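One structure is given below, encoded as structure tokens.
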Amino acid sequence: GPFTVVHLGDIVGPAGLGSKQDSSRAAETARADALLALVQNLPNGRLYFVPGDRDWANSGPDGLKRVRRLEEYLEKRLPNQNAFVLEAFGEPLAISSGYYQRYGCPHHAGWTWQTKAHNSLLVDGEGQVPRSFASKGFVTEFANTDQFAYTTGDATAAYGGRLKRFLRHVLFARPDYFVIYDDIEAAQPATYQWLLHARSEFQLEPAKLTLTSAQGHARLRVQFLLPGKLDFSQTDQFDIPPEKPDSPNQWHFRAATTTPAATMGFLTVLLPYRAGEEAKLPACRALAATGGVVAQVGRDLIAWKAPG
């Protein structure tokens with residue numbers, strides 16, 4: 001049946017969580033992981049942390065910083081592998097949604113902790129396995145040059161065996177745009193839902209497979225090049241509303257495939273720009289390719305080989 005574990009006092013040691021350079025870090029994170037494991041794979045269990053960590057290191061200048069560092073470490077154990085956020089021109093255009101108003105409250109546990117609150121992927125409407133150390137993600141590639149930055153994240157393991165492959169490739173062509181290629185293979189045919197969240201309502205153009213996020217003077221145009229057919233939807237409702245009724249609205253977008261498939265590729269271009277500069281945006285399209293996928297953004301060509 002349901003149960004609750006409350007851990008009071010020194011969570012990881014007498015002075016909170018150290019930085020990655022501190023020699024004590026490994027022992028401190030191991031202690032945090034052991035406490036999280038108390039409710040691992042137990043959906044009816046809740047774990048609350050009320051950190052004392054020697055009264056925030058005796059109210060010293062680093063006390064709050066170390067407690068916040070611990071909070072960040074614990075939050076990163078949540079099911080949002082291969083998710084991203086994006087800010088441009090000083091404005092948040094793609095956010096991690098939800099509110100942290102009370103640790104483990106229904107909204108925090110039932111929304112903010114879940115994959116559906118983040119800019120990642122659902123499989124048959126389901127996210128990554130929550131509250132499990134098996135929900136791991138890995139950075140498998142990274143490159144950084146004056147012209148571009150590139151990374152690949154592997155979130156396959158986070159879906160509890162439902163996926164054989166979920167690689168998210170992200171290219172940032174400095175300073176203008178991002179291309180995301182999601183390469184997915186499921187254990188059995190499934191539908192897929194590509195997620196995006198923002199503080200304001202999206203402008204949807206389903207016929208063009210395009211949407212726009214606006215915040216202040218900043219804009220983000222998102223154009224899907226693959227697959228060629230998607231169902232667009234958005235809402236400003238949470239499955240479980242925040243505890244504070246005056247919490248500002250957030251908007252939640254899904255681009256959903258309609259026919260179950262064992263393999264799927266989402267090829268998406270993200271174009272940040274300032275309001276009024278739409279005419280400067282480059283044309284984007286997918287090109288026919290054998291053994292891979294190719295995106296054309298303006299005069300640039302970006303290609304990925306097929307797996308294997």
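What you are looking at is a predicted structure, and each value in this text was computed from that prediction instead of being measured.
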**Prompt:** Would a hydrophobic clustering, with Ile, Leu, Val, Met, Phe, Trp and Tyr connected at side-chain separations under 4.5 Å, put Val170 with Phe224?
**Reply:** yes
Identify all side-chain donor-acceptor contacts of residues 198-211 below 3.5 Å with residues at least two apart in sequence or on another chain.
| unit_1 | atom_1 | unit_2 | atom_2 | d |
| --- | --- | --- | --- | --- |
| Ser200 | OG | Ala214 | O | 3.4 |
| Ser200 | OG | Gln215 | OE1 | 2.8 |
| Thr210 | OG1 | Lys208 | O | 2.9 |

**Item:** Evaluation steps, side chain to side chain contact (heavy atoms under 4.5 Å, CB included), between Ile180 and Phe266
**Value:** CA-CA 8 Å; Ile180 299 178; Phe266 286 87; over 6 Å; no
**Asked** Does the Thr156 side chain pair with the main chain of Leu163, one donor and one acceptor, at a distance under 3.5 Å?
**Response** no
**Item:** Flag side-chain contact, heavy atom, 4.5 Å: Ser233 against Phe253
**Value:** no
**Message:** Tell me whether Arg162 is salt-bridged to Asp124, with the criterion being a basic N under 4.0 Å from an acidic carboxylate O.
**Reply:** no
**Asked** Would you say Gln114's side chain and Ala109's backbone share a donor-acceptor pair under 3.5 angstrom?
**Response** yes
**Fill in**
To the nearest 0.5 Å, atom NZ of Lys136 lies from atom CD of Gln81 at 10.5 Å
**Request:** Could I get the full list of side-chain hydrogen bond (donor to acceptor under 3.5 Å, both in side chains) partners for Tyr273, not counting sequence neighbours?
**Result:** none
**Prompt:** Can any side-chain N or O of Ser120 pair as donor or acceptor with the backbone N or O of Thr115 at less than 3.5 Å?
**Reply:** no
**Shortest non-hydrogen contact between Pro272 and Phe178, atoms and distance** = CG-CE1, 4.1 Å
**Message:** Can you tell me if Asp146 has over 12 outside heavy atoms packed within less than 6.0 Å of its CG?
**Reply:** no
**Message:** Once side-chain hydrogen bond (donor to acceptor under 3.5 Å, both in side chains) is applied, do any residues pair with Thr152, and if so which ones, sequence neighbours excluded?
**Reply:** Glu141, Tyr150, His169
**Request:** Supply the atom-to-atom distance Phe138 CZ to Leu167 CG, rounded to the nearest 0.5 angstrom.
**Result:** 12.0 Å
**Complete:** Taken to the nearest 0.5 Å, the spacing of Arg165 CZ from Asp182 CG works out to 11.5 Å
**Prompt:** Counting distance only, does the side-chain N/O of Glu28 pair as donor-acceptor with the main-chain N or O of Gly18 below 3.5 Å?
**Reply:** yes
**Complete:** To the nearest 0.5 Å, atom CG of Leu121 lies from atom CZ of Phe166 at 4.5 Å
**Fill in**
Only residue of Asn119, Ile95, Leu270 satisfying side chain to side chain contact (heavy atoms under 4.5 Å, CB included) with Leu196 is Asn119
**Request:** Return yes if some donor-acceptor pair links the side-chain N/O of Ser213 with the main-chain N/O of Leu93 below 3.5 Å, else return no.
**Result:** yes
**Message:** Check for me, please, whether Val179 and Phe148 land in the same ILVMFWY cluster - side-chain distances under 4.5 Å, paths through other members count.
**Reply:** yes
**Item:** Derivation and outcome, side chain to side chain contact (heavy atoms under 4.5 Å, CB included), residues Leu230 and Thr257
**Value:** CA-CA 5 Å; Leu230 291 166; Thr257 62; 3.9 Å; yes
**Request:** Return yes if a side-chain donor-acceptor contact under 3.5 Å exists between Asp183 and Trp304, otherwise no.
**Result:** no
**Request:** Using modelled atom types only, decide if a donor and an acceptor are shared between the side chain of Tyr99 and the backbone of His107 within a distance under 3.5 Å.
**Result:** no
**Prompt:** Can a donor-acceptor pair be found between the side chains of Asp300 and Tyr177 at a distance below 3.5 Å?
**Reply:** yes
Quiz: residues 278-295 side-chain donor-acceptor pairs under 3.5 angstrom, not counting sequence neighbours:
| unit_1 | atom_1 | unit_2 | atom_2 | d |
| --- | --- | --- | --- | --- |
| Glu278 | OE1 | Gly276 | N | 3.3 |
| Arg285 | NE | Gln296 | OE1 | 2.9 |
| Arg285 | NH2 | Gln296 | OE1 | 3.1 |

**Message:** Please evaluate residues Tyr192 and Leu122 with respect to the criterion side chain to side chain contact (heavy atoms under 4.5 Å, CB included), reporting the C-alpha separation (whole Å), side-chain torsions for both, the decisive distance (0.1 Å), and the verdict.
**Reply:** CA-CA 6 Å; Tyr192 309 92; Leu122 303 181; over 6 Å; no
**Message:** For His197, give me all partners under side-chain hydrogen bond (donor to acceptor under 3.5 Å, both in side chains), at least two apart in sequence or on another chain.
**Reply:** Ser97, His252
**Prompt:** To the nearest 0.5 Å, what is the distance between CD (Gln147) and CZ (Phe172)?
**Reply:** 12.0 Å
**Prompt:** Excluding sequence neighbours, so at least two apart, what forms side-chain hydrogen bond (donor to acceptor under 3.5 Å, both in side chains) with Gln193?
**Reply:** Thr191
**Prompt:** Backbone N or O of Thr145 within a donor-acceptor pair of the Arg174 side chain at under 3.5 Å?
**Reply:** yes
**Message:** Please determine whether the number of non-hydrogen atoms from other residues, nucleotides or ligands lying under 6.0 Å from atom CD of Glu277 exceeds 12.
**Reply:** yes
